[in-house]
Amino acid sequence: MWRDPGQPADSYYQVRPECTDVPKTRFKIKLPLDPLLQAGKTLSPRKWQAAFTPEGYLDISKTLSRIYRGASGIHPSIRGEVWEFLLGCYDPKSTFDERDEIRQRRRIQYIRWKQECRQIFPVVGSGRFITAPIITEDGQPIQEPLVILETNQDRGPSAETGNADGNGTNQSRMNASCSEMVRELTSHGPLDQKVIQWLLTLHQIGLDVHRTDRTLVFYEKQENLSKLWDILAVYARIDTDVGYCQGMSDLCSPMIMLLEDEVDAFWCFERLMRRLAFLTIVVLDSYCIEVDDKRGNFRCTESSVGVETQLSNLAEITQVVDPKLHQHLDALGGGNYLFAFRMLMVLFRREFSFCDSLYLWEMMWALEYDPDLFSVYEEPELNGEKAEGSKGRTKSIRHYGKFERENMKNRAVNSESPLPISIFLVASVLKDKSSTLLQEARGLDDVVKILNDMTGNLDAKKACSSAMKLHKKYLKKAKKP
């Protein structure tokens with residue numbers, strides 16, 4: 001027997017022993033027992049290294065094929081590196097030296113941004129973070145004792161590790177100094193509105209950081225929590241159009257775990273955010289949503305569509321591929337498909353186990369991969385002439401993901417922008433549960449319960465396969481007059 005039957009990937013993302021109700025992963029690491037024989041189903045470190053030429057050029061077509069054809073995804077030890085290419089951080093046709101130059105420029109830029117944030121509010125980069133509001137909407141510091149006491153309290157084991165010397169007195173001093181920092185900041189005159197808005201978000205980031213992936217041993221360490229807070233705080237400061245919204249911590253958390261360097265994790269998250277621009281929402285009773293009209297939906301660009309539009313597209317797809325289900329959901333008052341909002345918002349993080357959600361993400365990105373991503377995303381002043389040359393470079397169809405190839409074929413007969421695979425993933429989940437929804441759902445509460453019961457019981461490989469089939473079916477039916 002030359003192939004390893006498979007090792008669960010949970011061992012790479014250890015769960016705290018007291019968290020016994022966490023869904024187990026379906027993802028297994030399958031490597032060949034003999035490296036000279038045919039490779040296992042997992043993209044192994046050996047195969048990943050072999051995909052590069054001596055100069056550093058990556059054979060992206062073989063990498064993509066290996067990811068979405070295999071049943072075991074990417075080996076956890078190289079997952080972060082592979083994600084950087086899938087998300088467009090680097091051009092596969094760049095050399096090792098060129099990527100080192102880019103990495104160094106990004107390091108300098110991130111350090112500069114972080115220092116600017118630290119000058120405004122010195123908690124950034126201090127190894128700590130805040131969970132209580134520090135400023136009012138009109139820019140005045142909050143000095144109530146309760147606010148000071150709540151700051152960074154109720155931390156459990158992490159509260160002790162959060163102090164540089166383990167001394168609780170230092171923590172209290174840090175809490176009290178938050179108000180002093182804001183008073184010092186406001187002593188020179190009224191604050192800029194963008195600065196006020198940023199300071200208003202910092203405690204919400206802290207609250208979300210404390211809740212994000214709290215079942216994992218990794219986040220028992222204060223340094224990892226503070227790293228997540230720092231990255232989200234810096235991002236909220238530099239991207240003033242989006243700022244910070246709930247759900248972003250769920251997307252950033254895996255980057256912290258997979259990429260040890262904070263700078264690399266930030267830029268990987270930044271590339272993911274270019275795909276997704278969040279609206280400000282409040283989730284009530286699991287599915288009722290209040291939307292901030294000033295932001296509306298995911299920021300719309302030439303390469304992405306708003307979540308409002310995605311929900312509308314989801315309704316259209318369901319109406320085409322399963323009209324009975326759509327009519328039933330519409331009759332229940334769910335024709336706007338807001339019950340599916342969370343799936344699109346955080347890319348199925350809540351519907352799959354931690355490991356399986358990562359596997360699903362890389363499958364999606366491999367299927368949707370566009371070799372022009374780097375050139376589209378990279379800032380002109382950083383990319384220079386290489387970006388222009390890359391855009392005009394002829395690329396083989398093999399360099400595109402399988403889902404993107406289907407979209408390219410469809411563009412020849414349809415001028416409308418292609419729909420992202422995430423919508424078809426949601427549609428495939430709904431179709432898979434169609435019988436249950438038709439028979440048991442008598443209200444939106446039932447719909448939400450049925451969908452929530454799927455948590456941890458979905459197969460990422462099967463979901464992507466079903467989404468691809470549904471995509472073809474939809475295109476075929478949608479073309480008919």
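No hydrogens, no waters, no symmetry mates; every other heavy atom, side chains included, goes into these values.
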Asker: Nearest 0.5 angstrom please: M364 CE to L86 CG, how far?
Answerer: 12.0 Å
Asker: How are the rings of F424 and H471 set relative to one another: parallel (under 30°), tilted (30 to 60°) or perpendicular (over 60°)?
Answerer: perpendicular
Asker: Would you indicate whether the side-chain heavy atoms of R106 and C89 approach each other to under 4.5 Å?
Answerer: yes
Asker: Checking L430 against D322 for the side-chain contact (heavy atoms from CB on, under 4.5 Å) test, could you report, in this order, the C-alpha distance in whole Å, the side-chain angles of both residues, the deciding distance, and whether it holds?
Answerer: CA-CA 9 Å; L430 294 178; D322 196 338; over 6 Å; no
Asker: Judged by atom type as modelled, is there a donor-acceptor pair below 3.5 Å linking the side chain of W229 to the main-chain atoms of L202?
Answerer: yes
Asker: When the ring centroid of F339 is compared with that of Y337, is the distance short of 6.0 Å?
Answerer: yes
Asker: Distance alone, cut at 3.5 Å: any donor-acceptor contact between the side chains of D59 and S61?
Answerer: yes
Asker: Taking E368 for the side chain and I421 for the main chain, is one N or O donor matched with an acceptor at less than 3.5 Å?
Answerer: yes
Asker: Within the side chain of D432, is there an N or O that forms a donor-acceptor pair under 3.5 Å with the backbone of S428?
Answerer: no
Asker: If you apply the rule ring-ring contact (aromatic ring centres under 6.0 Å, His included), what do you find for Y235 with F269, and how did you get there?
Answerer: CA-CA 9 Å; Y235 184 84; F269 172 67; 5.3 Å; yes
Asker: Could you go through residues 249-262 and list every donor-acceptor pair under 3.5 Å that involves a side-chain atom there, pairing it with any protein atom two or more places apart or in another chain?
Answerer:
{"residue": "S249", "atom": "OG", "partner": "T212", "partner atom": "OG1", "Å": "2.8"}
{"residue": "D250", "atom": "OD1", "partner": "R350", "partner atom": "NH2", "Å": "3.4"}
{"residue": "D250", "atom": "OD2", "partner": "R350", "partner atom": "NH2", "Å": "2.7"}
{"residue": "S253", "atom": "OG", "partner": "D213", "partner atom": "OD2", "Å": "2.5"}
{"residue": "S253", "atom": "OG", "partner": "Y219", "partner atom": "OH", "Å": "3.0"}
{"residue": "D261", "atom": "OD1", "partner": "V263", "partner atom": "N", "Å": "2.8"}
{"residue": "D261", "atom": "OD1", "partner": "D264", "partner atom": "N", "Å": "3.3"}
{"residue": "D261", "atom": "OD2", "partner": "R107", "partner atom": "NH1", "Å": "3.2"}
{"residue": "D261", "atom": "OD2", "partner": "R107", "partner atom": "NH2", "Å": "3.3"}
{"residue": "E262", "atom": "OE1", "partner": "K114", "partner atom": "NZ", "Å": "3.3"}
{"residue": "E262", "atom": "OE2", "partner": "Y110", "partner atom": "OH", "Å": "2.5"}
{"residue": "E262", "atom": "OE2", "partner": "K114", "partner atom": "NZ", "Å": "2.8"}

Asker: Backbone N or O of D91 within a donor-acceptor pair of the S94 side chain at under 3.5 Å?
Answerer: yes
Asker: Taking T436's backbone N and O only, do any of them form a donor-acceptor pair with Q439's side chain (distance below 3.5 Å, no angle check)?
Answerer: no
Asker: Taking the six-membered ring of F354 as reference, does the cationic atom of R214 (NZ for Lys, CZ for Arg) lie under 6.0 Å from its centre and within 45° of its axis?
Answerer: no
Asker: Where do Y12 and H75 land on the side-chain contact (heavy atoms from CB on, under 4.5 Å) test, with the steps shown first?
Answerer: CA-CA 10 Å; Y12 285 83; H75 194 279; 3.2 Å; yes
Asker: Within a reach of under 6.0 Å around CD of E137, are more than 12 heavy atoms found that belong to other residues, nucleotides or ligands?
Answerer: no
